[in-house]
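Working notes for the structure below.
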Amino acid sequence: MNIYVRFETAFRRAGDAAALLCPGGEDWTYARLVAEVDRAVGALAEWGVGIGDRVLVQAEKTPEAVALYLACVKSGAVYVPINTAYTKPEVEYFIADCEPSLFVAGGSFDSDLPVAILDSQGSGSFWRGTAPASTPAADRADDDLAAIIYTSGTTGRSKGAMLTHANLLSNAETLCVAWGWRDDDVLLHALPIFHVHGLFVALHCAFMNATPVIFLPRFDVAALIGELPGATVLMGVPTFYTRLLEEGTFDAGSCANMRLFISGSAPLTEQTFAAFEQRTGFRILERYGMSETLMNTSNPLGGERVAGTVGFALTGIAVRVADDEGNELPPGEVGNIELRGPNVFKGYWRQPEKTAAEFRDDGFFVTGDMGIMDGQGRLAIVGRTKDLVISGGYNIYPKEVEALLDGMPEVVESAVIGVPHADFGEAVVAVLVVRGNVVDQTRVDAYLAGKLARYKQPKRVVCVDDLPRNAMGKVQKNVLRETYADLLEP
Ligand code: MLC
Ligand code: AMP
């Protein structure tokens, strides 16, 4: 079924109850959200978007952008959100890969495609002054696509994870139960809405129950603390929690109305977990997910939440720790985290070989994360087989950065690694072998400007004579990570 049918039933029942509360802006009721979704459905039809067509969206976080997302789903189009930080060459890759019939941008963008503007005020050419469509939601089968979420590939090129209506609906239903969503919950939302965390995990819990969302345009610690008294649930990346703890004004009193703090997208350290409990009395609930699978495991709402673990498999999802052939390992042994369930994506967009390579014959998806499971089924993530840096909850694939750095005339070769960083958890460092003049940070910044989103760019550049290699000639990134472990956090 079309997931929007489920949402719309809840929205209509909620009527004039608050949907999106926008501090400093106009609040939307659920009735207004339904009307705006229908207006956006009308606009999509005017732009010629049909069932199964991709709509690529790089827009600011506004209520109108939420309406656009829901309208795509309602019309049977495939929603493809991308990070607002991406530069033009990055966006051009997504255009070429997903071949959208419409690109909705935050500002003017030179392209052969139809480009609609949804500016930060939520106005712009997208709307075309159209009348709202009163058509019912498009008929969609469970395995029809609702969204493609790009997630970077090991080759350095992003792959589109195809998520179906059934993936989204089953995960939303599961999370509402696992986290005991209540009719009086108020979600404090400060995440971006171009990733699964902010878009699906957070918003869907609220939408399934048509409960209010305090909708902040971005994470700002002072604004977040200001809104906490009106909220009951916060979902964030670990950086949210470390930044909250840096604020002297943040204490148990700030959380008087809260019932649940949830963390994910990157490892929450045991120190942050403990410091947060000491300051507020709350034990942060950590869960584990991915773009390809939505949420997989969660610490319990009712039972013991153990720091440094991501809890148990969610209902209906099988999680195993396996060897390189996919054989399940006994509890206590480290191996590949693999999983199967209604949450697991349909495959990578137009990449059947890559899809096949990441699934076992018995249907388990190989996540690229390494884990260890105890005898009770509680999972801890201990590393990754994929060469990936997670910085402030954003994924950065070293290959993509290295490919650009290697294009610098002075660079002989490069290795990009993640090193510990107090604010972002991990931060990108580039280790370069250069010819002639030493390359410094300013030169690298200037070279990458306009080519690569700023958050992917190295926070520090180091020049060396040689990169450490193993007997096979492969760069030993573990050696580099050890060497530079204290570079940013002495
Ligand atoms: C911003 N910057 C970052 C960064 N975010 N650098 C590295 N890593 C990041 N995550 C840089 C900017 O480029 C800029 O650089 C400077 O920091 C200030 O930018 P900003 O926009 O003002 O930053 P800020 O608002 O403080 O953003 C930090 C943040 C944000 C942590 C709030 O990154 C964020 O919202 N992260 C959440 C990501 C997320 O939603 N992930 C979910 C993925 S889904 P300069 O040098 O130009 O000043 C997933 C699955 C799952 O993983 O399990 O959930
Ligand atoms: P993404 O591709 O952006 O969806 O990122 C998914 C990856 O984020 C996972 O494969 C994990 O490596 C990581 N991740 C998500 N949640 C957690 C968590 N709670 N702890 C550690 N890593 C996590």
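Every number for a ligand or one of its atoms is a count from 1 in the order of the listing. It should be emphasised that the depicted structure is a prediction, and the values quoted were computed from it without experimental measurement.
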Quick note, salt bridge (charged side-chain N to carboxylate O under 4.0 Å, His left out) partners involving residues 261-271, not counting sequence neighbours, are none
Per-atom contacts, ligand 2 versus Thr151 - under 4.0 Å to a heavy atom: 2 (O)
Would you say the ring centers of Phe345 and Phe359 fall short of 6.0 Å from each other? yes
Close N or O approach (Phe240, ligand 1; < 3.5 Å): no
Any N or O on Ser391 sitting closer than 3.5 Å to an N or O of ligand 1? yes
Is it the case that the side chains of Thr442 and Asp445 hold a donor-acceptor pair, with the cut-off being a distance below 3.5 Å and no angle test? no
Heavy atom of His195 under 4.0 Å from ligand 2? no
Nitrogen or oxygen atoms of Tyr288 and ligand 1 under 3.5 Å apart: no
Within residues 317-330 or reaching into it, pairs that qualify as salt bridge (charged side-chain N to carboxylate O under 4.0 Å, His left out) - sequence neighbours excluded: Arg320-Glu338, Arg320-Asp362
Below the 3.5 angstrom mark, is there an N/O of Arg454, backbone or side chain, next to an N/O of ligand 1? yes
Side-chain donor/acceptor of Tyr447 to backbone N/O of Gly407, under 3.5 Å: yes
For Arg243, which part has a heavy atom under 4.0 Å from ligand 1: side chain, backbone, both, or neither? side chain
So, regarding Gly392 and ligand 1 (criterion: nitrogen or oxygen to nitrogen or oxygen, under 3.5 Å), is there a contact or not? yes
Could you tell me whether Arg443 and Glu410 have a side-chain N and a carboxylate O separated by less than 4.0 Å? yes
salt_bridge(Glu99, Arg350) N-O dist < 4.0 Å: yes
Just need the protein heavy atom nearest to atom 2 (N) of ligand 1, so name the residue and atom and give the distance. Phe424 CZ, 3.7 Å
N/O of Gly289 under 3.5 Å from N/O of ligand 1, yes or no? yes
Within 45° cone and under 6.0 Å: Lys456 NZ/CZ vs Tyr394 ring: no
If hydrogens are left out, which of Gly289, Gly393, Gly371 has an atom nearest to atom 7 (C) of ligand 2, that is, the closest non-hydrogen atom? Gly289
Any N or O on Arg287 sitting closer than 3.5 Å to an N or O of ligand 1? yes
Should Thr239 be counted as touching ligand 1, given the test is an N or O pair under 3.5 Å? no
